[in-house]
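First the structure, in the form of structure tokens, and then the observations on it.
Every value quoted in this text rests on a predicted model; they were computed, and no experiment measured them.
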2 protein chains.
Amino acid sequence: MGLAKTEMFTDEQNEISLFAKVFGHPARIAILQHLFKINSCVCGDLVDEIGLAQPTISQHLKELKHLGLIKGNVEGTSVCYCIHKENWTAMKTVMNEFLNQDLTEKQDCC
Amino acid sequence: MGLAKTEMFTDEQNEISLFAKVFGHPARIAILQHLFKINSCVCGDLVDEIGLAQPTISQHLKELKHLGLIKGNVEGTSVCYCIHKENWTAMKTVMNEFLNQDLTEKQDCC
DNA sequence: CATATTAATCGTAATATTGCAATAAACAAA
DNA sequence: TTTGTTTATTGCAATATTACGATTAATATG
């Protein structure tokens, strides 16, 4: 099928999986890491930095933008991208809450 | 294509994306949350808890197990699953390092 | 205006993921 | 051994993702 039955899960579960999904490709991790690394914003440099074709990078940027994790600013013929700080922080809260669940009290089964 | 060119990315980028990928489906989030919630371990209860067919749940469990995030203990005819604490903690370290990158010094582009 | 530059979009091929019915495998109990 | 119970595997259909060539859109520059 390839179709996740989102209606049978909680909003939280769907939200976490949507964020995780966008992190589920190394090119998008590379894009985000590069945006974190350089202080100023980049655009087509990402195509050189990462070894993928321009349409492919553009597509990955679109997905990141669609989830609100980055924003793009048109400057002449080029577009300058950067991390969307507020949304990134909000995403972090959701993800950290899931990842940092308490394990100490749990007893092992095996 | 549908094929990520893993060889052009760093080990870290590939590792992060692999972890994220497994979190990229709400059913697997639901499974993990349930394993966190109940103190003792579960097996076929997950099929009832989540609304998916038994082979589907089994497949999701397989992926979680393959990444080492859970472990299964055979008890008679049933299998008891639980979070793999050590591996979960190790995964958390990798993911937190990526998610919690410093944003304060970065200037906005837009 | 014509031309270059840059990024987005379209179209398409290759591959991956999801879900489940059917079946198999493993084990317990009668 | 037979039967029931539980989980894993197989096979397949439907859908999603990834990558990129070709093209378009937008803007700058001569």
Exercise. Specify the residues of residues 10-27 of chain B, ordered by number, for which at least one heavy atom lies under 4.0 angstrom from an atom of DNA chain C.
Key: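 Nucleic-acid contacts, sorted: B/Lys21, B/His25.
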If you define the side chain from C-beta out and look only at heavy atoms, does anything of [X] sit under 4.5 Å from [Y]?
{"X": "A/Thr56", "Y": "A/Ile50", "answer": "no"}
{"X": "A/Phe23", "Y": "A/Leu67", "answer": "no"}
{"X": "A/Leu52", "Y": "A/Leu46", "answer": "no"}
{"X": "B/Phe36", "Y": "A/Leu103", "answer": "yes"}
{"X": "A/Leu18", "Y": "A/Val22", "answer": "no"}

Roughly, in whole Å, what's the span from [atom1] in [X] to [atom2] in [N]?
{"X": "B/Asn73", "N": "C/dA26", "atom1": "CG", "atom2": "P", "value": "17 Å"}
{"X": "A/Leu52", "N": "D/dG21", "atom1": "CG", "atom2": "P", "value": "11 Å"}
{"X": "A/Ile57", "N": "D/dT17", "atom1": "CD1", "atom2": "P", "value": "18 Å"}
{"X": "B/Ile70", "N": "D/dT7", "atom1": "CD1", "atom2": "P", "value": "13 Å"}
{"X": "A/Asp48", "N": "C/dT5", "atom1": "CG", "atom2": "P", "value": "14 Å"}

Quiz item: Relative to the ring of B/His25, is the ring of A/Phe9 parallel (under 30°), tilted (30 to 60°) or perpendicular (over 60°)?
Solution: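 Ring orientation of A/Phe9 relative to B/His25: perpendicular.
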Practice problem: Check whether any side-chain nitrogen or oxygen of A/His60 sits under 4.0 Å from OP1 or OP2 of D/dT17, and answer yes or no. | Solution: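 Result: no.
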Practice problem: For A/Glu75, answer base if it contacts any base atom (sugar-phosphate contacts may also be present), sugar-phosphate if it contacts only those atoms, and nothing otherwise; contact means non-hydrogen atoms under 4.0 Å. | Solution: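 No contact.
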Quiz item: Under 3.5 Å, side chain of A/Trp88 to main-chain N/O of B/Leu99, donor-acceptor pair present?
Solution: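 Here the side-chain-to-backbone pair exists.
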Practice problem: For B/Ile29 and A/Asn14, run side-chain contact (heavy atoms from CB on, under 4.5 Å): C-alpha distance rounded to whole Å, both residues' side-chain angles, the deciding distance at 0.1 Å, then the answer. | Solution: CA-CA 8 Å; B/Ile29 301 295; A/Asn14 284 315; over 6 Å; no
For nucleotides 6-10 of chain C, give me every protein contact, N/O to N/O, under 3.5 Å, one pair per line with atom names.
from: C/dA7; atom 1: OP1; to: A/Gly44; atom 2: N; distance (Å): 2.8
from: C/dA8; atom 1: OP1; to: A/Tyr81; atom 2: OH; distance (Å): 2.4
from: C/dA8; atom 1: OP2; to: A/Ser58; atom 2: OG; distance (Å): 2.9
from: C/dA8; atom 1: N7; to: A/Gln54; atom 2: NE2; distance (Å): 2.6
from: C/dA8; atom 1: N6; to: A/Gln54; atom 2: OE1; distance (Å): 2.9

